[in-house]
Amino acid sequence: MTRDARFVTFEGIDGAGKSSHVDWFAEQVRGRGHRVVVTREPGGTELAEAVRDWVLNRPMSMRVEALLVFAARQDHLDRLIRPSLADGTWVVCDRFTDSTVAYQGGGRGMPLEDIALLERWVHPDLQPDRTYLFDLDPDTAARRRQAVRDADRFESEQSAFFTRVRQAYLERAEAAPDRFVRLDGAQPIEFIRKRLEESLSGL
Ligand code: TMP
C-alpha cells in the first residue's frame, strides 16, 4: 500500500451534521494534489448498496444487522477501499466500523466483544488513519433530522437509543485518541471546516 494514501472516516449520530462536510473535505484533499474516492457505509459497492436498503428499511435482529453491515463492509473493502488505498488514492468514507460499535453495540446492546470478533475477521490489518466524530446531543440532532427527511429504521429510534449510541462513540474515541478528532456538531459550519482544514494538514 502506498503510505501516501489515507483512509479517513466520518462518524456521528444521525443529524449530527457529518454528511454535509464529507464532499467538502474530499475537495480539500483533492486541492492538495491527491486522488480521492468518496464513499459511504453501509454501501459503496453495488452489493453493499443493496444491503444498505435492507438494513435501513427491513425489520431484523441486531445480530442480523451486524452480520449484514459487516458483509457489506467486506465487499466494500475488497472492491473499493483496499484497491483504492493500494493505488495511492485517499478514501473518505461516511461511516465505518465505529458505526457498528456505536449503533449495534451501544444502541442495540450487542456485546462489544462480538463486534470486535467480526472486526478482527473482516479487517484485522486496517483501521482508518483519521476519524472525525461529529458529537451532538440527541435532542438537537432529532430536531435537525425532522426538518430534512423521513425517518429510516434507525432514525425513528427514541432519544435514549441515540444517547447510548453517542456514549459508545465517545468511549471508542477515548480508547483511540490518536485516530479520533471530536468535533462539536453544534458549532457553525465554518468553524467546523476550519478545524477540519487544520487537522488535514497534520495527516
Ligand atoms: P447514514 O444515513 O448516515 O449513511 O447512515 C445509515 C444508518 O445506518 C445510520 O442510521 C447508522 C446505521 N449504521 C449501523 O447501524 N451500523 C453500521 O455499521 C453502519 C455503517 C451504519
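Both ligands and their constituent atoms are indexed starting at 1 by order of listing.
- At the shortest separation from atom 16 (N) of ligand 1 among protein heavy atoms lies Q104 OE1, 2.8 Å.
- Contact annotation: E65 has no heavy atom less than 4.0 Å from any atom of ligand 1.
- When G12, S19, P42, C93 are ranked by how near their heavy atoms come to atom 13 (N) of ligand 1, first place goes to P42.
- Using a 4.0 Å cut-off between charged nitrogen and carboxylate oxygen, R35 and D87 count as a salt-bridge pair.
- Here D125 pairs with R82 in a salt bridge; the nearest charged N to carboxylate O distance falls below 4.0 Å.
- Checking A151, A102, S99 against atom 19 (C) of ligand 1, the nearest heavy atom belongs to S99.
- Atom numbering of ligand 1 starts at 1 in the shown order; those under 4.0 Å from a heavy atom of T100 are 17 (C), 18 (O).
- Cation-pi geometry between R166 and Y169 is not met: the NZ or CZ atom fails to fall both under 6.0 Å from the ring centre and inside 45° of the normal.
- Counting atoms of ligand 1 from 1 in the listed order, those under 4.0 Å from a heavy atom of K18 are 3 (O).
- A cation-pi arrangement is found for R145 relative to F162, the charged atom lying closer than 6.0 Å to the ring centre and inside a 45° cone about the ring normal.
- With ligand atoms numbered from 1 in the order given, ligand 1 contributes 9 (C), 10 (O) to contacts under 4.0 Å with heavy atoms of D14.
- Using modelled atom types and a 3.5 Å distance limit, the side chains of E11 and Y132 yield no donor-acceptor pair.
- Within the structure, ligand 1 lacks E155 among the residues with a heavy atom less than 4.0 angstrom away.
- Checking side-chain atoms of R179 against main-chain N and O of D129 turns up no donor-acceptor pair under 3.5 Å.
- With ligand atoms numbered from 1 in the order given, ligand 1 contributes 18 (O), 20 (C) to contacts under 4.0 Å with heavy atoms of R73.
- Residue R40 places no heavy atom under 4.0 Å from ligand 1.
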